[in-house]
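Nothing fancy with the numbering, it's 1 onward along the sequence. Start at 1 and go down the list; that is how both ligands and their atoms are numbered.
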Amino acid sequence: MRLKHVKGAEEYIASSEHVVQDYKKHKGCWNEYFGNNNPIHIEIGMGKGQFLMQMAATYPDINYIGIERYSSVLIRAVQKKEELDLPNLTFILIDATEICEVFGEKEIDRIYLNFSDPWPKARHAARRLPSRQFLERFRVILSDDGQIEFKTDNRALFDFAFEEIIPGGFDMVQYTYDLHNNEEMNVGNIMTEYEHKFSALGNKICKYIIRKKICI
Ligand code: SAM
């Protein structure tokens, strides 16, 4: 994502009630933060939050947390959310490398990775969110039947992600190289901002769903 600096974004985010400021204090007790025992789903690299806002409106009995590392991006999601009534959605400004400091073991039921940055240079492979280095972190915070759903139009990134599943401690549940023409996997699909953009250009959308391998 090309980053355009938004003046005042840091201050805006730091004082917003839609962004959890003291996120480390909720580690292991996010259900208390939401005031219920509903499942918790997170999107890592949520961008401007279009996908999560639609998910939260569609599924009020699921708690959603959006993770984004840039305040100039997150501010757009916060400003949109201010106009909506979505008590089951909140945001955190962090880099995903910190994820295990924010959530306790097995606290999360689903992780969405949508159109993650490809980091095309081989030496940057560990920065890719579906890399084994990140999958190992995600294993810790996911519940035993927790799943990761990953979508991208970048075939090279998808092929890389495929190879990372087993070393990262996961098993394949389902995949497609053409989500929008896969009747079964496309049921209930909520499009992300990037998904709208890239499918309008004619790009096919790849998706996998993986689950934690229990005995490794
Ligand atoms: N998920 C959105 C969508 O599908 O429309 C946005 C996709 S955009 C290409 C990727 C986003 O992930 C960017 O906003 C970027 O800042 C964020 N991101 C990338 N790496 C991240 C990391 N390590 N931690 C948190 N956010 C990250």
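- With sequence neighbours excluded, the residues that form a salt bridge (charged side-chain N to carboxylate O under 4.0 Å, His left out) with E101 are K24.
- Taking every non-hydrogen atom of A96 and a distance limit under 4.0 Å, the qualifying atoms of ligand 1 come out as 22 (C), 23 (N), 24 (N), 25 (C).
- With S131 contributing its side chain and R127 its backbone, the two residues share no donor-acceptor pair below 3.5 Å.
- Using a 4.0 Å cut-off to heavy atoms of Y70, the atoms of ligand 1 that qualify are 16 (O).
- The cationic atom of R137 (NZ for Lys, CZ for Arg) lies less than 6.0 Å from the six-membered ring centre of F134 and within 45° of the ring axis.
- Ligand 1 lies less than 4.0 angstrom from a heavy atom belonging to D117.
- Note that R128 lies outside the cation-pi zone of W119, set by a 6.0 Å cut-off to the ring centre and a 45° limit from the axis.
- Backbone and side-chain nitrogen or oxygen atoms of L129 are examined, and none is located within less than 3.5 angstrom of a nitrogen or oxygen of ligand 1.
- Between Y112 and F51, the ring-plane angle classifies as perpendicular under the 30° and 60° cut-offs.
- Counted by atom type alone, D95 and T97 present one or more donor-acceptor pairs between their side chains at under 3.5 Å.
- The atoms of ligand 1 that sit less than 4.0 Å from any heavy atom of I94 are 24 (N), 25 (C).
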Would you list the atom pairs, donor with acceptor, under 3.5 Å between side chains in residues 199-210 and any protein atom, with sequence neighbours excluded?
unit_1: S199; atom_1: OG; unit_2: E195; atom_2: O; d: 2.6
unit_1: N203; atom_1: ND2; unit_2: D153; atom_2: OD2; d: 2.8
unit_1: K207; atom_1: NZ; unit_2: E149; atom_2: OE1; d: 2.8

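- Listed by number with element, the atoms of ligand 1 under 4.0 Å from a non-hydrogen atom of E193 are 5 (O).
- Considering backbone and side-chain N/O of Y194, one or more are found under 3.5 Å from N/O of ligand 1.
- At a heavy-atom cutoff of 4.0 Å, ligand 1 is contacted by no atom of K151, backbone or side chain.
- The distance from ligand 1 to the heavy atoms of E43 drops below 4.0 Å at these ligand atoms: 1 (N).
- Compare F115, Y112, W119, F51 by their heavy atoms: the one nearest to atom 8 (S) of ligand 1 is in F115.
- For ligand 1, the atoms lying closer than 4.0 Å to a non-hydrogen atom of G47 are 6 (C), 14 (O).
- Between N114 and ligand 1, a contact under 3.5 Å exists for at least one N or O pair.
- V19 and V73 fall into different hydrophobic clusters, where Ile, Leu, Val, Met, Phe, Trp and Tyr residues are linked whenever their side-chain heavy atoms come under 4.5 Å apart, directly or through other members.
- The distance from ligand 1 to the heavy atoms of D95 drops below 4.0 Å at these ligand atoms: 23 (N), 24 (N).
- In this model, no donor atom of one side chain and acceptor atom of the other lie less than 3.5 Å apart for N88 and N38.
- Close approach of ligand 1 to T192 (heavy-atom distance below 4.0 Å) involves ligand atoms 3 (C), 4 (O), 5 (O).
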